[in-house]
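The structure appears right after this line, and notes come after that.
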Amino acid sequence: MTQTTLTNFDQAGFDAFIESRDEPDWLLAMRREAWQHGSAMRWPERRHEEWIRTDIRAFQIGKYSVPAGPDQGESTVADREQVHQLLQDVELAGRIETVDSKVVGENLDEAAAQRGVVFGSLSRLCKTHPDLVRKHLFTAFDPDEDKFAALHAAFWSGGQILYVPRGVVLERPVHIGSILSEGGTDTTHTLIILEDGAEATVLHESNGASTSASGLHLGAVELIQKPGSHLRYVNLQEWGHKTYNFAQQKASVDRDATLQWTLAAMGSMLSKVNQTVDLVGPGANSQVNGVMFTEARQHIAYHTLQHHKAPGCRSDFLYKAAQQDKSRTVWRGMIKVDKDAQKTDGYQRNDNLVLSNTSRADSIPGLEIEADDVRCTHGSTTAKVDEEQIFYARCRGFTRKEATRMIVSGFFQQIFDRISIESVREALAAAIARQVREYE
Amino acid sequence: MTHVLKIEDLHVNVGEKPILRGVNLTINHGETHALMGPNGSGKSTLGLAIMGHPGYDVTGGKISLDGKDVLAMEPDERAREGIFMAFQRPMAIPGVKMADFLRHATTNVRRPDRKEGEELIPMREFRKELKEKMSHLRMDVEFARRYVNDGFSGGEMKRAEILQLAMLQPKFALLDETDSGLDADAVRLASESIAEIGQGKMGLLIITHHDKLLEHNPPEFTHVMLGGRLVETGGRELADELHENGYDRIRNAYPDAEAANQEMLAEEAAI
Ligand SMILES: Nc1ncnc2c1ncn2[C@@H]1O[C@H](COP(=O)(O)OP(=O)(O)OP(=O)(O)O)[C@@H](O)[C@H]1O
Ligand SMILES: [Mg+2]
């Protein structure tokens, strides 16, 4: 067995990382190129529009070690079953679990496997299904996007692939769990490919081993949908509250395919997520339901792009965020419509509920439209919890905390109403209820 | 023992501004009181102060329920002790269904010692009761699935307040213009409902500018508020007189209170 050595995100670390992995040449070449680009790139500067509101001066990558060694690992987290929220009351078609970027367990329903579904550890499947992986890996997003993306492409480890062949309907969801132990690093890569007419539901959750855990996530998600496929992708982010979270999450949706993407960002100390949906074939349809709920000094930034590249597509993005204590959220949305994307129907909205005088919500919607026959609307609201509402509820016997919790859940209800999976609705509602604290 | 809600020499400010200037009122369980008075005289303020609205500063006097100090209680404790107010302007709570709101409220009020997070009244039992009460009030069951007061018409809001009264069965109910914004048929229905739910079964304080509600709920006592004080108390005939002739006699009889009322109105206009 290879001895896992602790190495940093530097040249020596990269060499040791490459050395420690038994990987095909094409993959190593990809990593080398990414490292070459990434190591030459500068860290983002504060005056850069994407980083004006997100201060990473305190972030020191030298504090985290590269997840070297093979991807198979032993779990160091005792109560893994207790950590995840989305496992309750659902029958799964498959499951994969990683701890600090090491796969600690995976399985796929035999019947699904027989129908050609491929699911499990990405690095294992790089060896057994090289053509499949090679064809799709890093096609939905560009590792040259920024330094974080490039470092991810060089150092990704662990992670998973789901491949659903043409016309196959996976009725039961698959579950992806990622856990970061105290001070750990997670560079998992998620690759989901649905061929023509395929259908699947993916429940993906990220947790810290404890709510307060520190760590680093340098991750990426690629959702690749071929014509007429239907994907429901749920992402519940509950990293420990001292964790840095940098992620590129991109979907590419082809003709007449539908994507329902539900995300809840509740964890981490600082998150900077780029979420993009490319609508690449006529009639593609995407809905995004986003929940952000922050406390203490958490900072969560989402930069979203709904990119209409083909005509007659729909995108409907709704983000609702609540901020307590001294926390802050940033939402910067963009609907981009290419010249040929006529008959686009684009919608984006961000509503904020500011729960304390010291918390803050930045909301920056944007449109960039080159076609002339489109319907694009956007909106953003920021409100405070109304003392009159709280008083009214208290006159009906609610304690202050119960009243606040109810008003906050009510605020998110519009999102719940859009989520079609009951267990997800319940898990989200519970996660939100847990996060509401006492106010005076 | 009959329950007693007792208000003694109550003074209330909003900010620096005095609104109530020494209100005395005792309501026994089972009695119906009418509270009348011109706009801006302080009727709603009295109700909100009894409920413990944080914006209404009690600068003097006492409120007690069966001898217990109401002013020392949080608003939700007051509700759990059995004091209820139907709001002149109820608040909307978007995203929260009437049924869920009421189930939680009903549980808390019926089980005053319930701790946060403890079980609510069983769904089935609650639904059955809610449905009965709603059909009694001739409300569509769909109503329970709507969000609390969100996008309700004026009339719907008032009917929703009556439904809450019916579910919570308080010891004392302060009804603040529960008849306003209703059409003629709805006023009759509301008046009958209140009589059925409340009359003789609780202490009622009915704030109104119309006579229909009092026709169905004949008050044993009528109080007239002017300039933040109850300047006159009589029986049912006083309410009839005021409906017939307005407040001229009162204004002339109590020039100090009238001056205070004018002062409040003037300040309001200046804001
Ligand atoms: N929250 C507040 N802020 C400022 N002034 C207030 C507030 N609440 C009440 N007031 C003032 O106190 C006075 C009494 O108001 P209140 O609402 O109690 O009158 P009311 O008798 O209920 O009148 P109406 O018949 O119009 O409902 C008014 O001058 C009003 O402007
Ligand atoms: Mg009033």
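All values derive from a computational prediction rather than experimental measurement. In what follows, chains are A, B, ... by sequence order, proteins preceding strands, each numbered from 1.
- In this structure, the ring of A:His175 has its center less than 6.0 angstrom from the ring center of A:His84.
- With a threshold of 4.5 angstrom between heavy atoms, B:Arg78 does not approach chain A through any atom at all.
- A ring-centre distance under 6.0 Å is not found for A:Tyr302 and A:Trp331.
- Annotation: cation-pi geometry satisfied between A:Arg396 and A:Tyr392 (NZ/CZ under 6.0 angstrom from ring centroid, within 45° of ring axis).
- Both the backbone and the side chain of A:Ala393 come within less than 4.5 Å of a heavy atom of chain B.
- Interface residues of residues 96-106 of chain B toward chain A, defined by a heavy-atom distance below 4.5 Å and sorted by number: B:Val96, B:Lys97, B:Phe101, B:His104, B:Ala105.
- The stretch residues 406-420 of chain A places A:Met406, A:Ile407, A:Gly410, A:Phe411, A:Gln413, A:Asp417 near chain B, each with some heavy atom under 4.5 Å from a heavy atom of that chain.
- For A:Asp351 and A:Arg349, the salt-bridge test passes: some basic side-chain N is under 4.0 Å from an acidic carboxylate O.
- B:Asp179 and B:Thr208 share a donor-acceptor pair across their side chains, judged by distance under 3.5 Å alone.
- Interatomic distance, CD1 of B:Ile50 versus CG of B:Leu5, reported as 5.5 Å (0.5 Å rounding).
- Near-neighbour residues of residues 153-169 of chain B relative to chain A, defined by a heavy atom under 4.5 Å from a heavy atom of that chain, comprise B:Glu161, B:Gln164, B:Leu168.
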Contacts under 3.5 angstrom, residues 60-73 of chain B side chains, donor-acceptor by atom type, not counting sequence neighbours:
{"residue": "B:Asp66", "atom": "OD1", "partner": "B:Val4", "partner atom": "N", "Å": "2.6"}
{"residue": "B:Asp66", "atom": "OD2", "partner": "B:His3", "partner atom": "ND1", "Å": "2.7"}
{"residue": "B:Lys68", "atom": "NZ", "partner": "B:Glu81", "partner atom": "OE1", "Å": "2.9"}
{"residue": "B:Lys68", "atom": "NZ", "partner": "B:Glu81", "partner atom": "OE2", "Å": "3.3"}
{"residue": "B:Asp69", "atom": "OD1", "partner": "B:Leu71", "partner atom": "N", "Å": "3.0"}

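- For the residue pair A:Asn352 / A:Lys320, no side-chain donor-acceptor distance below 3.5 Å is found, with atom types taken as modelled.
- With a threshold of 4.5 angstrom between heavy atoms, B:Asp150 does not approach chain A through any atom at all.
- Both the backbone and the side chain of B:Met51 come within contact range of chain A, judged by heavy atoms closer than 4.5 Å.
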